[in-house]
Every structure is written in structure tokens, then in C-alpha cells.
Number of protein chains: 2
Amino acid sequence: MSKQLTVLEPEVCCAPLAAATVPAEAAADLAAAFKALGDPVRLQLLSMIASADGGEACVCDLTPAFDLTGPTISHHLKVLREAGLVESDRRGTWVWYRANRPRMAALSAVLDIAPAG
Amino acid sequence: MSKQLTVLEPEVCCAPLAAATVPAEAAADLAAAFKALGDPVRLQLLSMIASADGGEACVCDLTPAFDLTGPTISHHLKVLREAGLVESDRRGTWVWYRANRPRMAALSAVLDIAPAG
DNA sequence: CGTCTGCTTCGAAACCTGTCAACCTAGGGG
DNA sequence: CCCCTAGGTTGACAGGTTTCGAAGCAGACG
């Protein structure tokens, strides 16, 4: 288990949403990533990780920021990890999470649309 | 009910995710929008609407594109409408949907991040 | 080598979402 | 004015998701 998923292939990463109809396969892949962002806790977790100095944040620093238990935070981090939005990195005792910048940029590009014609 | 929600206030619309920690209130608002995008059907619906000529698409043109019943498509369109991503416009017999470009651009700006420091 | 802290995983309950069947409302044509 | 088609809404059920408590595993320190 804990097998890393291969999400957002190159052909998918840069398809603008308003340029052409998204194929069903790409839509399922993108929807999985957006679904991972569809939770306030995960959105804040990703924000804290991405805005952290060096782009890395320790779980011991993330957990006390919420009124949730450790396992719950771990679950949300797992969802973000399986969505390809963050990557876990073990540095000694603590586990550090790092945001996947290209993946976020790809999602941003999908939503980036031209002004209404 | 069916009251239009006031989502994504100006202070929220342009906060980059990787620049600073997103407040809980803004996170809930953004998460609601991303949650609406977290379904393949809704993502394709928004794509079809946004990529349609003039940015407007008729329900009678959207429904046959999926293997879903009419009410289900209507429900997904309602979710997109309440998330502020699309706006409904009645033109005679059929209802036309139009994508909310500024809203999509705001979400794109949130995910747009600077390269890792 | 023993123990301790910290993170993950497993299992179960409560909540929410997606889907469909049936009914109601709005506009067009005769 | 009446009937017909097209969309939208409501109610209900199946499935997934979120959350917590308990147990398991990896690494650090004495």
C-alpha cells in the first residue's frame, strides 16, 4: 500500500478549462485534485505548508494549529499526498511536508481563463 | 432558501495560497468553491459552459453529453450556481448558463504560487 | 537493549453528497 | 383558453467522506 499515484499527466497539466471541453479522463483526474482542496482543513494545511519557510512544514507544527486530533490531520495529509499536492519527507524524528509547486501551478493554469468573448 | 451566497469577497479573491496562511473564514469560502469543482461532472459542465461560444450554454445542450438524468444535471448546475462559478440566464423556453470568469480567475490566482524559495 | 515520543494505520459511527423517481412550474402552439 | 414540451424542485435511498479512539510501527535517547 501507500503507493504513489501518477496524477496529472503532461497532456492534462496545461489544458485551459475555458479553451476546450475537458475529456472525461482528464476531468476525473483534475476533479480528484480539486476535491482534495475542497476541505477547509486541507486548504489551510496546504497553505501553511506552501507558505512555510523553505516550503517545508513539520507535522508537529501543523497539528496544534487545528482543533482536530493527530490521526485526523494525518488523514488529511494523506489525502493531499495521494492527490499529488504535497510530498512527505522524513527528517529524523519528525516528518516534514513539502508542497508540490508544479502541481499547484498546473491546477492554476487550468482555471486561468481568457476574458469573456 | 435559494438565496444567492456572497462568496469570495475582494480581500479573499486575490490572496495567494503560498504567500501567507489562509484564515479559517477565507479557507471555508475557498474550499466551498473547490469542492464544487471536485466532481468530474461539474468540472466538465463548467468546461463546456466556459468553452461555449459567447460563454453561454443551454441546458438542452449539456444534458445529452452525459449518461445522467436531467434532474442530476440540474442539481450539479445548482451546486455550481451556489458556488458562484456560473450564473443562470433564462432566454425563452431554455435556460442558459454562463461562467463567472472573475470567480474562476480568483481561484486561479489563489493557486498561483511563486517558485520554491 | 529498553523505553519513550511521534506519526501512521485500522475500525466504527455520524454526517454529507450523488443519484434517481415523481411532481410542479414556465413558456409555445393550436 | 387548453394542451404539450422542457426545466426545475422536492423527497428518499445508496455510497462516500470526515471524524474520533485504539493499536501498530519507526526513529532517538539513555
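Because the structure is predicted, anything quoted here is derived from the model rather than measured. Letters A, B, ... are given to chains in the order of the sequence lines, protein chains preceding strands, and every chain is numbered from 1.
- A side-chain donor-acceptor contact under 3.5 Å links Ser108(B) to the backbone of Ser108(A).
- If you measure from atom NZ of Lys78(A) to atom C1' of dT18(D), you get 14 Å, rounded to the nearest angstrom.
- Legend: residues meeting side-chain hydrogen bond (donor to acceptor under 3.5 Å, both in side chains) with Asp61(B), ordered by chain and number and at least two apart, are absent.
- Trp96(B) belongs to a hydrophobic cluster whose remaining members, ordered by chain and number, are Trp94(B); membership requires side-chain heavy atoms of ILVMFWY residues under 4.5 Å apart, directly or through intermediates.
- Between the P atom of dC20(C) and the CZ atom of Phe66(B) lies a distance of 13 Å, rounded to the nearest Å.
- Evaluation of the salt bridge (charged side-chain N to carboxylate O under 4.0 Å, His left out) rule for Asp89(B) yields Arg98(B) as partners, not counting sequence neighbours.
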Could you list all N or O pairs between the protein and nucleotides 12-19 of chain C that sit under 3.5 Å apart?
residue : atom : partner  : partner atom : Å
dG18(C) : OP1  : Arg42(B) : NH1          : 3.0
dG18(C) : OP1  : Arg42(B) : NH2          : 2.7
dG18(C) : OP2  : Arg42(B) : NH1          : 3.4
dT19(C) : OP2  : His76(B) : NE2          : 2.4

Name the pairs: protein N/O against N/O of nucleotides 3-8 of chain D, kept only if under 3.5 Å.
residue : atom : partner  : partner atom : Å
dA6(D)  : O3'  : Trp94(B) : NE1          : 3.0
dG7(D)  : OP1  : Cys60(B) : N            : 3.4
dG7(D)  : OP1  : Trp94(B) : NE1          : 2.8

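- Remark: the backbone N or O of Ala50(A) is paired with a side-chain donor or acceptor of Arg101(A) at under 3.5 angstrom.
- Taking 4.5 Å as the limit, every side-chain heavy atom of Leu85(A) sits out of range of all side-chain heavy atoms of Asn100(A).
- Hydrophobic clustering, defined by side-chain heavy atoms of Ile, Leu, Val, Met, Phe, Trp and Tyr closer than 4.5 Å, leaves Val79(B) isolated from every other such residue.
- Nearest approach of Pro40(A) to Ala28(B), heavy atoms of both residues: CG-CA, 3.9 Å.
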